[in-house]
Each structure stands twice: as structure tokens, then as C-alpha cells.
Amino acid sequence: MLNRGRNIEKGRVITRRMFILAAAKILLFAGISSRLYNLQISDREKYEILSDKNRIREWKTPPQRGIIVDNFNKVLASNDRVFQLHLILDEINDFDVTIFKIKNIIGLDKSQVQKLYKKKERLKPWDTLVVSDNLTWEQFSKINLYLHELEGAKPVLSTSRFYPYANDLVHIVGYVGDASPKDLEKPEIKENFVPGLKVGKYGIENSQERMLIGNYGIKRYEVNASGKRISQIDYIKERQGNKVNLTIDIEIQKYAQELLKGKAGSICAMDIFTGEVVAMASSPTYDPNKFTHGINQKDWQEIRNNPLKPLINKSIAGLYSPGSTFKPLVALAALEYGILNPNKTISCKGHKHPYELYGVKYHCWKKEGHGYMKLRNAIKQSCDIYFYEMARLLGVDKLSVIAKRYGLGTNVLGDLYNDEKNGLVPDTKWKRRALEQSWYLGETVINGIGQGYIQTTPLQLCLMTAQIANGGYKIKPHIIKDESINYKDVINKIKLDQSNFPLHERNYLDDINIENYQRMYHKKSNINFVLDAMFGSTNEQYGTSYKSRYDDPKYQFAGKTGTSQVRRITDLDRELDLDTEQIEYKKRDHALYVAFAPYKDPRYAISVIIEHGGSGSKAAAPLASKLIKRIIDRHKLREQFNNGNTSLA
Amino acid sequence: MLRERIQASNYSFLDKLRSIDYLLILLIIAIGLISVFAIYSTEGGKFSFYTKNHIIRLSVFFSLFLVLSFVRVSTWYKNAYLFYIVGLVLLITVLFFGISASGATRWINLYFLNLQPSELMKIAVIICFARYYHRIQTSDIQSIKFLIQPTILLIIPCYLVIQQPDLGTSILIAGSGIAIIWLAGLNIKYFIYSGLLLLVSLPFAISILKPYQKSRILTFFNPDRDPLGAGYQIIQSKIAIGSGGFFGKGYLKGTQSYLEFLPEKHTDFIFTLFSEEFGFLGSIILLFLYILLIYRIINVGLVSRSFFAKLYCFGFATAIFLYVFVNIAMVLGMLPIVGAPLPIMSYGGSSLLSIMLGLSIVMSCKIYNQEQISVY
């Protein structure tokens, strides 16, 4: 019985304790349930976001670059189809083996393989390695043939920049290349960059990056924990960059470039009313297509070591003394300030009796002398003696006001090109500030024939000529089509104005700021006088560019030659009087020519510079003559096209 | 002996069939089916290795469970110590001949199965302790003599398992042992004292832990400490469960698990996958199935006459509870990651085998519930 009682007691203890345990279990299960409630119901949103972050990864797809077209919508920079080989890194088990196979198939050399390894180090494990962005068709088909043996290899049909006019446009359009760390700091590139994207390195490609670059696309993939793509869930398509429309006429550009072949120099052509740059050639040149996929060492050395300096855009970054092409402006300044009566006669007696100032002798270029000269004749025959005297009377400060007004001394195209030079129009203040010296009168004298401190770019000379030729109106040169201005109205307004009386409400001879398309002259007759003298220079006997003239009024142009000395001419040189060919290349004069055409109802201005070409009349003027004919021949087409009749293109 | 045999023969086969707990069998089948679907999902909806193996094991071990259910409870009682000794021998074998995986030596290669003796030990400890306390009077339980013996019996396997190293299983073995000591009626003060002692010795215990165990515990308190290392599992598991929401992402649509963000998703983290795909609703239903299972096991204990059966059933129910609780609390980030499978659901032969073995003893308790076990 005792035993039995004990057993009942034991049974009770066990059962009681079981119930205590069960209560604890229920409590703990309740704890789990509330935790589940917290996670799955209260905080669900938070964890959903985290889950999406986990499983979705974005890949940016590169946008196509905007195209660049000329005035007639001819494509100057396009996107060409290229064959590429990409490696999807997370699909590769043994990188070394894959690279070895690829090396044998497409024939990579040691340095290329090393480059690939370096490239790979910078990439994330799920990134794509671009093995080659420009395979030949042969390599591409070989890769496709062996594709089953190459894990992670992806032959890709992609696009890359192509310049159909290669050498003819590189100084205007520029070229693209891989983005440097500095490029990536620019906001327009930073915002739109995708690894492997090429960015503009120079010219329009560089300065119009914001327009051209486009917007990248986004491909969203579901990925697993190791980043492997499982499926595509979203694709925001990339947007191609905008078209950039240039004012260049590729036919004229090509011809200008052809005329410069074998020479170092520049040709610029501009619409004198609209300021549209029609051609801006620089020689020698190089092929921008070579830069797209990274230029090889040999080609690069060839370009860099060329003594004619193809990398310098001579039209805007080449600085030259304007030489005699400056004379029309000196004459205009003297007339405008009323310094000199155009009928004043000065005698040029040749090298035996040079111009003398404070004991320093200044020679005319013509050994025998020009004899008695009036202003018109002095411009026409480019007599230096007349201009020495005129400059002395005028003074450098007045000259600099007019020179700056007509476009010298400041860059022309704004920030379009990062290498465009301002040039230099000296005055007394400048010299005191920059050189901490006072001005010498002798410097004024040689300034009168465009020598000395004065430095100009070919485009500035073209602008100067254009603004004289249009009757003395300020224009705004540009190379990218400006649709915001109705040029027809502008041209009509300028042509109707041409007033020949001074405007008294403003003193046009002060250093004042003048708005675009406003008159810059004081007296219309002064402008006309200069234009007429330039006509004489080209179309009358003894004129310096008489040989390059056209008799047909359709092509008839007016211009001014220039010969810019690159060194001081010694008495010995004058005695020797060598032909250009006999002088060492580096010591030869630069040949210059500025002109506008047609003489009656002018429309285009042109500047030609041939480095070390000798005299302007022999080396530069004939080129200008040829180009002017081509420009005028195409004028009608351009006019019609720009007025909306696009069918002609 | 003779009396016992007579009593046993009193059960006709029909009687036996009638006294089977069919609800318990139904629950096992239900959880088993859910586990097959869950493991099928871990393989991304492909009928392949894990799913096939799991189905085979489930059917083999379920049949074993049915057969062993008819073994008399007195036979289990008689062989309880033998069971324990076999378990111990196997654990020692592991120490010398065990095979290793990911830094732990836990398995013995039996050619058809890599047996994990620590899993069997979970059951062995319960059955051994049930027999031990079966014959001890309540008044004797408090004596030092009867306290030291089970303590030693418990410390040996726990120590061996910790050496593997496998902290999780060791804690579960200790937990089920202590549960039976509690059920047998040991004075509550002993539990309080040893609890305090444990708390005091915790710093020393931590100092002898393996670095990965330490990092797991530290990570438990702050998972963001090392989000891609030790904290990764907890963070990813919480993301998976949380993003499941009320109804879940749908079967085979659990992105977290499907996209391989979840580690060990077919073993310890099977609940995470299930919860991601079936949401709060599914999780609560699964939890309820486990509660029912535990309730049915306790019920068997309540209707059993012998203390052995009572102690075993209550102890085993507590063990099942511990397994479920530790596993789910772990994947919910409420406990450190210690490596504890979810009964029946998790892929793993030894764990399934020991659970089925344990259940078959429960079932035999049910079938032979009127059997008296004499003290000898």
C-alpha cells in the first residue's frame, strides 16, 4: 500500500511538472509567433526593400553618341558597326586558360595580354572585360567558330565612333578616346558615364559632350548571391546623344584641306553676315579614327614628331604676325580718326633711302621702292614706308582700339576649343603691364605693317576681313548652327543700313562695347575706301595679288597679301636677296592672304596662311583664289538649303 | 517474467491497431509532405538529388517507425541502457574514425548513410533517463547519490559532442536530459542554483569556445557587425522571412532562397525558405502542426500507466519542442546560429532517423499503454 501511495505521488509530480513545462512551451511559441508577426507583418516593407536590393542588380548600357553633321546634313561623325569580344567574368572558371585560348585564336601579343590582366584587376567580379573593341572580320568569325571552347566569351556587335572624312575634319570635329580621371570629373560625363564609353577628347566632340553623350540605359537583372545573372526584369533603353549641326560645308573643307596638302598652314572661310564658319582647315592633319581604339605607339610618334606639327590646330591655335594683311585695318583706323588725308603723298625711295626714325632705319619690302604713293596705292601695292609714317601719326593706342573692334586680340569661338588662342593686340598700357617697359615709337612704326608684338590667329584675320567686307558690322562667328537667329532679317538689316553719316549719339571711336550686328564704323566712306583699295590690290595692275584675280564679276574678289617675317631681316639678307627656296625652311617668311568675295555684293571672307611659304602673293593668294571660286559655286546651294529647301542636299 | 509475458499476450493484433494514435501518424505524414515540397523548392523546383534522397529516407524511416511501433514498451525499457551505451560507443568512434565536413567531425560512414551519432544520442539520453527515474522513488530523487549519476551520464555525451565540435546538438542533448530530471521531481532549488552557477561561469565558458562559436554569439547580439561574414546568415534569413509578408511570395517564388542568398537552406534554414514562400500564414500553420504533434506525444504520456512511458513521452515532447524552438528562434535571429535542424522538415538522415525512432517509442507507449513495467 505504501508503495502504491508513493507511486501515485510520483505520478502526480510528473504530471504537474509536465504541465509547468507545457506552459513554458506555450509561452515560448507565443514569443516565436510574435517575432514572426513583427518580421512578416509590421516590418514587411523594410524587408521587401532589402530583398529587392539583394536580388536586383543594374547594368548600365552605353548610349550611342550623337552624330555630327555639316551644313548640308552630311554625316561627319557617325557610329560604325564594330566587332568586339567581351568576357563575362563571372562565367569564367579559369581566367588564365580562357585568355590563353583567346590569345591563340585572335593572335594577341604579350603586351596586349598583360594589358588585359591589368584591366581585369580594376573590374568587379561580375563586370565585363572588353578584350578587344575592334576585331577584324576574320578574327570575329574565328572567335565564333571556337566559341564553344571559350567560357564567358561573348562576341558583340557594337558601335564605335567613325569619321568618314578622317583627316579633313580632325581639327574641327576632334576625336574620342577612353575617359581619363580628369574627364570623369566633368559633370556631363560623370552623370552619363558607363565603363568603356568613349568620350570627346578634342574639338566639337569635347566641347559638345553634353549634347553628344546621350543617356545610358539600365538593364536590371535578377541575380543570385554570387552575382550571376538569372533573368532580365527591366530594361530602360539608352538614349542616343543629340545631333550636332555644324556650319561647315564638307566639300569646301575637303577642298581647302586638299589645297594645303604638303604644306603647313591654315585656310578659314566665313560668311561675312551670319558669321558661319564654312571651312576651317589646318595642315598637316591626322586621322582621328586611329584614336578611337587607342592609337598605337608608331602612329602616335609619327604624328608627334612631324616637324609641321599636325597636332596644332593652326586656324585657332597658330599665332602669326598679320604682316601686310593688317594694313587695311591700319588705313581704316587712320581714316576713322581723321589722322590722314587719303590724298597725302609719301615717297618710297627703296632700300637706299629707307624710312628713318631717331636714327633707326625701316625698309620697304620693295628694293627699288614704290615712288610717290597715295593711300589707295599704298594699300594696293602694300608699301611699307607709307604705313610706317601713317602708324607713327596714328599712334598704337588708337590703332589697337580699331584692331580689337574688328576681331583681333580675343578668341573667336569662345570656349568651343580649349586650345584657341587670344592673340595679342599691343598698346602702351599692355606693354607697361605685361613687360613693365614703356612703349617705343619704333614699335608703333613696325606695328603699322603688322609686325612686332602683334599676334593673330588665321580665324581672327578671317573675322577681321569679314567685318570690313560686310560694311563694318559686328558679327558673331560660330561653327555650330545657331537656329535662334533669323539670319535673313540680319542680312537685310545690315544691307539696308550702310549709312554714310556719322552717328552722333555714340562716339564710335571710343573703346566701347558694340552689340552683334551693329555698325562699328564712324564713317561709311572710310570702309568703302578700304574695300576699294583692296579691290585694287587684287584686280588692278601692280596690285600684289593681281595674278590670282578673276575677271568674271561672279567670282571677282578683293584681298590683301601679307608676308610675315619670322625673324629680323638683316642688311646681309637684303644684300643677298635670296629666293624663298634658297632659304632654310624654318627661316622662310609665312605667306598670308585675306580676301572677300564676290567684290560686288560680298558674302564670304577668307584667310590663308602658309607657314614658311614665302611671299603672300605667290604662296597664299593662288590658293585663296581657287577656294573662292569653289565657295561661290556652292553659294546658291547653301542659300537654298539654309532657307529650308533641303531637297537639294 | 512469466506474468509480464502473459500480460503482453493479452494484446490482440486488433487491439494494437485500435490503440494506435492515428492523429499522430497523420501529423507525421503532413509535416513529412510539407518537408518534401520545401526541399523540392530549395532545389529551384527541380526534382533532383536532395528531393529524391529526402523522399527515400522519409519512406524508409516512416516504415521503420511503423514496424518499431509494435515493439513492446518493456523491450525499450530493458534495452534503454544498451541504447545509451551504443550511442556512447558510436560517439567515441566518431572521435577516432569520424569523417569531417566544413571543419567538424560528426559522422560515421555506414556506406548507405553517413550516421551522425550525436543525433541518436538525443534519443538515447531521453530513454536512458526515463528508465533511470522509472524506479527511483520521489523521496530518493533529492539525494546526492541519485543526482550525481545522471549528471555524469549527461556530461559524458555532451562533452563528446562539444569536441566534434557541435555546440547546438550538445545543448539539445543537455536540454532533454535536464527536462527529464525536472519531470522526475528534482527540487526546483537545484535548477536555480545550477542556473546561477552557469551564469557565473559563462565568461570562463566563453573563453574556451572555438573562435567561430564566439563570433556566432557576438554576431547574434549584433548581426551588422560583419554583414558579409558571420552576420550574413542571420541578416539574409531575416530579409527572407520579413519579405515573405502575410501570404508569402508563393511556392517556388522565394527570391531570397531561389537566388542562393540563403546558406544551408535545405538543412537548418528550411524554415526560412518555407516562411518566405508561404508567409506568416504558412509559418503559423506549420508551427501549429508542431504544437499538435507535441500535444499528441504528451497525450500518450498522460494515458500511459508506467512512469517510464510517462517520463519518456513528456521528455521526448520537450525535446521536440526544444528542436523546433531553437531552430525557428535561430532563423528569426532570436538565438545565435548553433546548428540545430528542424524536426522532419530539415534534410538530414540522422536527424530524421532519430526523430522517427523517438516517435516509434512514443507509439509503442501508446499501443502498450496499459503495460506495467515491474521494477527489477
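The sequence lines fix the lettering, A, B, ..., with proteins before strands; numbering per chain opens at 1.
Within the 4.5 angstrom heavy-atom criterion, no atom of B:Ile141 approaches chain A. For chain A, the nearby part of B:Tyr133 is the backbone; its heavy atoms alone come within less than 4.5 Å. The part of B:Leu302 that comes within reach of chain A is its side chain, from C-beta onward, which places non-hydrogen atoms under 4.5 angstrom from that chain. When heavy atoms are compared at a cutoff of 4.5 Å, B:Ala240 does not approach chain A at all. At a 4.5 Å heavy-atom cutoff, the contact between B:Phe271 and chain A is made by side-chain atoms alone. For chain A, the nearby parts of B:Ile239 are the backbone and the side chain; heavy atoms of each come within less than 4.5 Å. The contact between A:Ile20 and chain B is made entirely by side chain atoms (from C-beta outward), counting heavy-atom distances below 4.5 Å.
A cation-pi arrangement is absent between B:Lys238 and A:Tyr47, since the terminal nitrogen or guanidinium carbon is not both under 6.0 Å from the aromatic centre and inside a 45° cone about the axis. The side-chain tip of B:Arg131 does not point at the ring of B:Phe308 from less than 6.0 angstrom away and within 45° of straight on.
When atom types are taken as modelled, the side chain of B:Glu277 and the backbone of B:Leu252 share a donor-acceptor pair closer than 3.5 angstrom.
Heavy-atom pairs under 4.5 Å with chain B were tallied for A:Glu45, A:Glu48, A:Lys25; the largest tally goes to A:Lys25. The residue among A:Thr15, A:Ile41, A:Leu28 with the most heavy atom pairs within less than 4.5 Å of chain B is A:Leu28. Contacts with chain A were tallied for B:Phe246, B:Phe314, B:Phe321; B:Phe321 has the most, counting heavy-atom pairs under 4.5 Å. Across B:Thr318, B:Ile298, B:Val324, the residue that shares the most heavy-atom pairs under 4.5 angstrom with chain A is B:Thr318. For chain B, the option among A:Leu50, A:Ile14, A:Val13 with the highest count of heavy-atom pairs below 4.5 Å is A:Ile14.
With no hydrogens or angles considered, no side-chain donor-acceptor pair links A:Gln84 and A:Ser132 at under 3.5 Å. Checked by atom type, the side-chain pair B:Thr267/B:Ser346 shows no donor-acceptor distance below 3.5 Å.
Taking the centre of each ring, B:Phe247 and B:Phe280 stay at or above the 6.0 Å mark.
Closest approach of B:Ala38 and B:Met345 over heavy atoms only: CB-CE, 4.2 Å.
Environment of OH in B:Tyr295: sparse, with no more than 12 heavy atoms of neighbouring residues, nucleotides or ligands closer than 6.0 Å.
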